There are 2 protein chains.
Amino acid sequence: MANPDPAEVTTAIDLGGPIEWRSLHETVVARLRDLIAEGQLPEGSRIIERELCDQLGVSRTPLREAFKVLASEGLVEILPNRGAVVTRLSPREAHDMLAVLARLEAFAGELACLHATDDELRGLRDLHERMMEYYRQREKLEYFRINQSIHVEIVRVARNEVLRSMHGRLHARMKRSRFRGNDIPDNWAAAVADHEELIVALETRNGRLAHDVLRRHIEASWTRLANSLAIDPASYD
Amino acid sequence: MANPDPAEVTTAIDLGGPIEWRSLHETVVARLRDLIAEGQLPEGSRIIERELCDQLGVSRTPLREAFKVLASEGLVEILPNRGAVVTRLSPREAHDMLAVLARLEAFAGELACLHATDDELRGLRDLHERMMEYYRQREKLEYFRINQSIHVEIVRVARNEVLRSMHGRLHARMKRSRFRGNDIPDNWAAAVADHEELIVALETRNGRLAHDVLRRHIEASWTRLANSLAIDPASYD
DNA sequence: TGCCTGCATATTGAATGCAATATGCAAATC
DNA sequence: GATTTGCATATTGCATTCAATATGCAGGCA
C-alpha cells in the first residue's frame with residue numbers, strides 16, 4: 001500500500017457515491033405512496049388524472065405509469081375508463097393481511113436468529129430500549145414509529161430479499177389504512193411484553209421462540225384491532 | 001314466485017354475464033406474462049420497445065405501462081434510460097423464493113383444512129389421481145402441469161386472497177425460470193409420496209399435518225433443485 | 001499502439017393531441 | 001309525475017411527437 005499513483009488519486013476522493021437519477025414516474029410513485037400513507041389521498045377517493053397532474057407538475061404519462069405500479073402493489077384500484085381510486089381496506093382484508101404477515105414475520109424472526117450479526121442484534125436492542133422509553137412516557141406516535149422500524153429491521157436482518165419485499169408490501173398497505181394505530185391502546189402492556197420476550201429470544205438466538213412470539217404478537221394485533229372496531233375477532237378465521 | 005312481469009323477463013335471460021372490456025395494456029401484460037413463462041422472451045434478454053410494439057401491434061404507451069406492472073411483479077427489470085430486461089433468477093433468489101413459498105403454502109394447507117368444502121377436497125383428490133396416472137406413465141410434462149394446479153388449488157381453497165395473490169406472484173416467477181421442471185426427476189418417487197400424504201392430511205382435515213407435509217415438500221424441492229444444479233443445498237441457508 | 005474525446009445514431013422518457021367511453025342533465029314519452 | 005332517451009361535457013385510453021440520455025465509432029493525441 002504505497003502512495004497511490006497521482007492519476008488514481010481522484011478515485012480516493014469521497015464523492016458521496018454516484019448521483020442517482022430518478023425518472024419522473026419513479027418520483028411520482030414515491031410521492032403518491034407517501035400521500036396515501038399520510039392520508040392526504042384518503043381511502044376511496046377518486047383521483048382525476050388531470051387534477052393530480054397540475055398539482056404535481058407533471059404530465060399525464062408518468063402519472064399513469066405510476067398508477068400502474070401502485071395498482072399492482074394494491075394501493076390503488078384502476079377502474080377501466082373510470083379512473084383510479086385509493087383502495088379501501090375491508091376488515092376481511094385487514095384480517096387476511098395480518099394472518100399472512102404473522103407467518104411471514106414469524107419466519108423472519110426465525111431467520112434473524114440464524115443470520116443477524118451481533119451488531120445488528122445490539123442495534124435492535126437499542127431500538128427496543130428507545131421504544132420502551134416512549135412507552136413509559138405514553139408517546140403513542142413515537143412509540144408507533146419505532147415499533148414499526150423494529151419489525152422492518154427484523155425482516156431486514158433475516159437476509160431474505162424475497163421475504164423482505166413481500167413483507168414491505170403488506171406493511172405499506174397496513175400502514176396507510178384507516179386502521180393505523182388502532183391496535184395500540186388496547187392491551188398496550190401486552191404488546192410491550194411481547195417485544196420484551198422477542199428481544200430476548202433474538203439475543204439468545206432462539207429461533208423457535210422468536211418465531212412463536214412474533215406470530216402470536218401479530219395475531220394478537222388482529223384481536224386488538226377487531227376489538228377496537230367492535231368486531232368479533234374469531235368471526236373472520 | 002308467480003310468473004314474472006313481462007317487463008322483467010329480460011333479466012331472466014342468461015346473457016353469459018357482463019361482457020368484459022380489457023384495456024390494451026392489460027392485454028399486453030397478460031401476453032407478456034405468457035411470453036416470459038414460455039421462454040419466448042428468454043431470461044436476461046434486453047427488450048427494445050419499438051420492436052415489441054411492432055410485433056404486438058400496439059404503440060409504446062400501453063407497452064410501457066405493461067412493463068411497469070411486470071417490473072413491480074419482478075418479471076422484468078427496468079434500467080433507467082436503458083430499457084427493460086427479463087429478470088434472471090439466481091440460485092440465491094430461487095432459494096429465497098422457495099423458502100418463502102414453503103411457509104406460505106404450509107399456511108395455505110393449514111387453512112385449507114379449515115375452509116375447503118368437501119366438494120373441493122374431492123376435486124383435489126381427483127386432480128391427485130390424474131397426476132398419479134401421469135406419474136405411472138412417466139409423462140413428465142403433464143405431471144408437472146397437474147402438480148402445479150394442485151398447489152394453486154390448495155391456496156385457492158384456503159380462502160385468503162392476500163395469501164393467494166402473494167403465492168401467485170412467487171409461483172409465476174418460479175414457473176418461468178430456467179429452473180422449470182429441473183426439480184422433478186431426482187427423487188420423483190419421494191415427491192409423489194409427499195403428495196399422497198398431503199391428500200390424506202387434507203381429507204382428514206389434519207391442518208398440522210398438511211402444514212408440515214407441504215413445508216417439507218417444498219423445502220425438499222429446493223434440495224432437488226440444488227442437486228440438479230450441482231450446488232450444495234445447505235450453502236444457501 | 002492505446003486511450004481519450006467528440007460527434008452521429010439509437011433508444012428511452014415525457015408531453016401533447018385525438019379518439020373512445022362514461023357521466024350528468026334536460027327533454028320527450030307514457 | 002316517473003322513466004327513459006338523447007345529447008353535451010368530462011375524463012380516460014392510446015398514438016404520436018419532441019426532448020433527453022445512452023451507445024458506438026471515428027479521429028486525434030500522447
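Just so you know, these numbers come straight off a predicted model, no measurement behind them.
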Relative to the 5' end of DNA chain C, which residue comes earlier, A/Ser59 or B/Glu49, by the nucleotide with the nearest heavy atom?
B/Glu49

I need the CD1-C1' distance between A/Ile47 and D/dT12, as an integer number of Å.
14 Å

B/His167 meets the ring-ring contact (aromatic ring centres under 6.0 Å, His included) criterion, sequence neighbours left out, with B/His171

Considering residues at least two apart in sequence or located in another chain, which fulfil the side-chain hydrogen bond (donor to acceptor under 3.5 Å, both in side chains) criterion with A/Arg22?
none

Which atom pairs, donor and acceptor, lie under 3.5 Å between side-chain atoms of residues 75-83 of chain A and protein residues at least two apart or in another chain?
none

Check the distance between D/dT11's P and A/Leu52's CG and give it to me in whole angstrom.
13 Å

Near DNA chain C, which residues from residues 22-32 of chain A have a heavy atom under 4.0 Å away?
A/Ser23, A/Leu24, A/His25

A/Glu120 (side chain) donor-acceptor with A/Thr117 (main chain) under 3.5 angstrom
yes

Under 4.0 Å from a heavy atom of chain A: give me the 5'-most and 3'-most nucleotides of DNA chain C that qualify.
C/dA14 to C/dT23

Can you list everything that forms a side-chain hydrogen bond (donor to acceptor under 3.5 Å, both in side chains) with B/Asp54? Sequence neighbours excluded, please.
B/Arg50

Tell me which residues in residues 61-78 of chain B put a heavy atom below 4.0 Å from DNA chain C, sorted by number, or none.
B/Arg64

A/Arg215: partners by side-chain hydrogen bond (donor to acceptor under 3.5 Å, both in side chains), with sequence neighbours left out
A/Glu219

Here the distance between atom C1' of D/dG13 and atom CZ of A/Arg50, to the nearest Å, is 15 Å

Using the test side-chain contact (heavy atoms from CB on, under 4.5 Å), find all partners of A/Ser165 that sit at least two apart in sequence or belong to another chain.
none

Partners passing side-chain contact (heavy atoms from CB on, under 4.5 Å) against A/Arg164 (at least two apart in sequence or in another chain)
A/Val155, A/Arg156, A/Glu161

Would you please name every residue forming a side-chain hydrogen bond (donor to acceptor under 3.5 Å, both in side chains) with A/Arg92, sequence neighbours left out?
A/Asp96

Set of ring-ring contact (aromatic ring centres under 6.0 Å, His included) partners for A/His95, sequence neighbours left out
A/Trp222

